[in-house]
Amino acid sequence: MSSVMKSTTPGTADPLMIDGVQYQSRLLVGTGKYRDMEQTRLAVETSGAEIITVAIRRTNIGQNADEPSLLDVLPPDRYTYLPNTAGCYTAEEAVRTCRLARELLDGHNLVKLEVLGDEKTLFPDIIQTLDAAETLIADDFRIMVYTNDDPIIAKRFEDMGCVAVMPLAAPIGSGLGIRNPNNIRTIVENAGVPILVDAGVGCASDAAIAMELGCDGVLMNTAIAGAQDPVLMASAMKKAIEAGRESYLAGRIPRKRFASASSPVDGLFF
Amino acid sequence: MELVINGKTEQLPDGINAAQLIEHLGLANERLAMEVNQEIVPRSSFDSHCFKAGDRIEIVRAIGGG
């Protein structure tokens, strides 16, 4: 959602609004790929994120029996859980996953919808995603949708009633950064709902660029969890999101071909 | 009777209900959700939901993901 340029005193409240709820942090983080639960907790806390994504999986998969559960480490009364439909390749799988997530989280109906097209790219299958979104919206879900960087499709998801649209910057886990900044900018300019870059960020400057393009937030997982020092990268990302947001609101100087002296010419004594 | 639980076929007593199954699997203290033949069974109905032979049961929880 493109906000009107406004004079903002540094540090004043500039909340992210999603589906009528205010969040202070514009960084949303995933909880996958960490070494263990303690590292997950430390990185998430350091990131300052208030919305965290989780996956829904069979009880006998993906966790050691003696390890604390994610819900113990990151309590749902402190974080807004955003269950995802990662791993779903059809609308039907995604709808089932969301319904299980809602039951698991006591009726919490905010979900991240993603329906994937193939394993190599993890690009979204837009036909299946549209189909799933329609079913889920009719079933009273609030949807933040992972999509490609196509402005036409992004608008379509908004018109259907998705509460946020989340174009990829680059393939999931690729760390390639914002590959198509002009499309992201166009999506932001067209939007009436929050636009968050989801996937593809590799380092803090990528996150800042997303924010400088006018995105309302960034959702990332691998860029933090896969860093040599995930907790330090979580700290870097927090700052990058804040810096990028302020830079966007401040309004950058135009690019010029030639120099423009910073010191006055008047008063030179030679 | 035979039930398919998270993709694995298992033998369980006839007429077992959802609450008993969760107890049997050692998941009584877990935050989880269940679907039977692709329909959600709410936790509030676990005591009253009895399985039939051949039911396909999925029991899921939240884990780390992006």
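So you know, we letter chains A, B, ... as the sequences are listed, proteins then strands, and number each from 1.
Looking at A/Asp72, neither its backbone nor its side chain comes within 4.5 Å of chain B, counting heavy atoms on both sides. For A/Lys112, the part sitting under 4.5 Å from any heavy atom of chain B is the side chain, from C-beta outward, and nothing else. For chain A, the nearby parts of B/Ile59 are the backbone and the side chain; heavy atoms of each come within less than 4.5 Å. Using a 4.5 Å cut-off between heavy atoms, A/Leu28 makes no contact with chain B at all.
Just one residue in the list B/Val60, B/Asn6, B/Ile5 forms a side chain to side chain contact (heavy atoms under 4.5 Å, CB included) with A/Thr59, and that residue is B/Asn6.
By the neighbour-count criterion of 12 heavy atoms within 6.0 Å, atom CD of B/Glu10 is densely surrounded, having more than that number from other residues, nucleotides or ligands. Within a 6.0 Å sphere centred on CD of A/Glu119, other residues, nucleotides and ligands contribute 12 heavy atoms or fewer.
Between chain A and the residues B/Gln38, B/Glu58, B/Met34, B/Lys8, the largest count of heavy-atom pairs under 4.5 Å involves B/Gln38.
Smallest separation of non-hydrogen atoms from A/Ala55 and B/Gly64: CB-O, 4.0 Å. Here the shortest heavy-atom pairing between A/Leu104 and B/Ala33 reads CD1-N, 3.6 Å. Nearest heavy-atom pair across B/Ala62 and A/Val54 is CB-CG2, 4.2 Å.
Contact residues of residues 14-31 of chain B toward chain A are B/Leu27, B/Arg31 (heavy-atom distance under 4.5 Å).
With rounding to the nearest 0.5 angstrom, the CG atom of B/Leu32 is 10.5 Å from the CG atom of A/Leu71.
Judged purely by atom type and a 3.5 angstrom limit, B/Arg43 uses its side chain to pair as donor or acceptor with the backbone of A/Glu103.
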